[in-house]
Amino acid sequence: MADELIDATDREILTLLREDARRTLSDIASRVTLSTAAVKRRVDRLQEAGVITGFTVQIDHAKLGWGIEAFTQLRFFGTTNVDEIVQTTTRMPEAQAVFTIAGDPDALVWLRVRDMQHLQRTIDELRRSHRITSTKTLIVLDSWTRGQQWPGSTP
């Protein structure tokens, strides 16, 4: 669905759902001044178009004992294909996401671990892959995400 097919009301509905995915359709309807049925039709259309891909919960991972985040840059042998790069990390529970990227390095892996020893074991495990030639790890001190802001809007 192209951006021009999403109007200001759709954006407002998406923002409200990003703030609280459990928000009722009637609550959304009252905030965007539409009927509940009209909001349901819009949400259904956004789902069918693939704009809304699911509903989720935000978790405080630190409270579950997984409070350290890091990004690890991976470099692979030149003959490694993208599927192999992704498979190297997705089997690891510590890997939250893997981004294959153009240029140097070949991939960026977002890791979540319990403590520094856990991070070291995770990096060691990655290095045991016979396809990886080097790693560089950056530990996250703090983070900010766009969150509820619509891309292109000012915070």
Side-chain angles (χ1 to χ4, degrees), residues 1-23 28 31-32 42-155:
M1 177 180 278
D3 190 44
E4 56 272 0
L5 296 179
I6 300 173
D7 64 17
T9 303
D10 290 333
R11 284 186 181 84
E12 192 172 354
I13 290 169
L14 290 170
T15 298
L16 290 167
L17 287 171
R18 286 177 70 186
E19 287 172 0
D20 182 359
R22 294 180 60 184
R23 191 180 300 272
I28 295 169
R31 293 170 187 262
V32 298
R42 283 175 177 259
V43 169
D44 289 346
R45 179 178 50 80
L46 292 167
Q47 284 180 294
E48 289 169 12
V51 173
I52 296 175
T53 59
F55 297 88
T56 188
V57 172
Q58 294 180 5
I59 298 171
D60 184 340
H61 293 279
K63 290 186 178 176
L64 297 175
W66 291 73
I68 296 176
E69 292 179 89
F71 288 89
T72 298
Q73 298 175 356
L74 302 178
R75 288 168 183 80
F76 288 79
F77 284 109
T79 58
T80 308
N81 67 42
V82 173
D83 289 338
E84 289 176 288
I85 291 171
V86 172
Q87 288 173 3
T88 299
T89 57
T90 55
R91 61 180 165 71
M92 302 175 69
E94 296 85 358
Q96 303 301 297
V98 60
F99 306 90
T100 54
I101 52 181
D104 183 37
D106 300 301
L108 183 64
V109 181
W110 170 27
L111 299 171
R112 191 180 300 278
V113 295
R114 296 182 182 279
D115 53 38
M116 294 308 291
Q117 291 78 24
H118 188 190
L119 178 60
Q120 182 177 343
R121 288 190 309 273
T122 302
I123 299 304
D124 288 344
E125 183 180 343
L126 282 168
R127 289 179 176 165
R128 280 193 291 275
S129 166
H130 299 295
R131 309 294 289 167
I132 294 175
T133 61
S134 70
T135 64
K136 178 180 177 181
T137 301
L138 307 155
I139 298 171
V140 175
L141 299 177
D142 196 5
S143 63
W144 171 89
T145 58
R146 183 151 307 279
Q148 307 312 320
Q149 297 290 326
W150 192 258
S153 66
T154 55

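- Looking at Leu46 and Leu17, their side chains never come closer than 4.5 Å, going by heavy atoms from C-beta outward.
- Put simply, the side chain of Arg23 gets close to the backbone of Leu16: a donor and an acceptor are under 3.5 Å apart.
- Residues Leu14 and Val51 meet the side-chain proximity criterion, which asks for heavy atoms closer than 4.5 Å.
- Two residues are said to be in side-chain contact when any heavy atoms from C-beta on lie closer than 4.5 Å; Leu64 and Asp60 fail this criterion.
- Contact annotation: the side chain of Thr89 never approaches that of Leu111 to less than 4.5 Å [non-hydrogen atoms, C-beta and beyond].
- Not one N or O on the side chain of Arg75 forms a donor-acceptor pair closer than 3.5 Å with the backbone of Asp104.
- The closest side-chain heavy-atom distance from Glu84 to Phe77 is not below 4.5 Å.
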Next item on the list: Would you sort out whether Glu125 and Arg91 count as a salt bridge (Lys or Arg N to Asp or Glu O under 4.0 Å), showing the intermediate values?
Entry: CA-CA 11 Å; Glu125 183 180 343; Arg91 61 180 165 71; 3.0 Å; yes
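- Counting heavy atoms from C-beta on, the side chains of Leu138 and Gln73 come closer than 4.5 Å.
- Rounding to the nearest 0.5 angstrom, the gap separating the OG1 atom in Thr15 from the CG atom in Asp20 is 13.0 Å.
- The backbone N or O of Val109 sits nowhere less than 3.5 Å from a side-chain atom of Thr72 that would complete a donor-acceptor pair.
- Of all the heavy atoms in Leu5 and Arg45, the pair that sits closest is O-NH1, 4.0 Å.
- In this structure, Trp66 and His118 have perpendicular ring planes: the angle between them is above 60°, well past the 30° mark.
- Residues Arg131 and Ile85 have side chains not in contact (no heavy-atom distance under 4.5 Å, counting atoms from C-beta outward).
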Note to self: Please evaluate residues Val113 and Gln120 with respect to the criterion side chain to side chain contact (heavy atoms under 4.5 Å, CB included), reporting the C-alpha separation (whole Å), side-chain torsions for both, the decisive distance (0.1 Å), and the verdict.
What the structure shows: CA-CA 10 Å; Val113 295; Gln120 182 177 343; over 6 Å; no
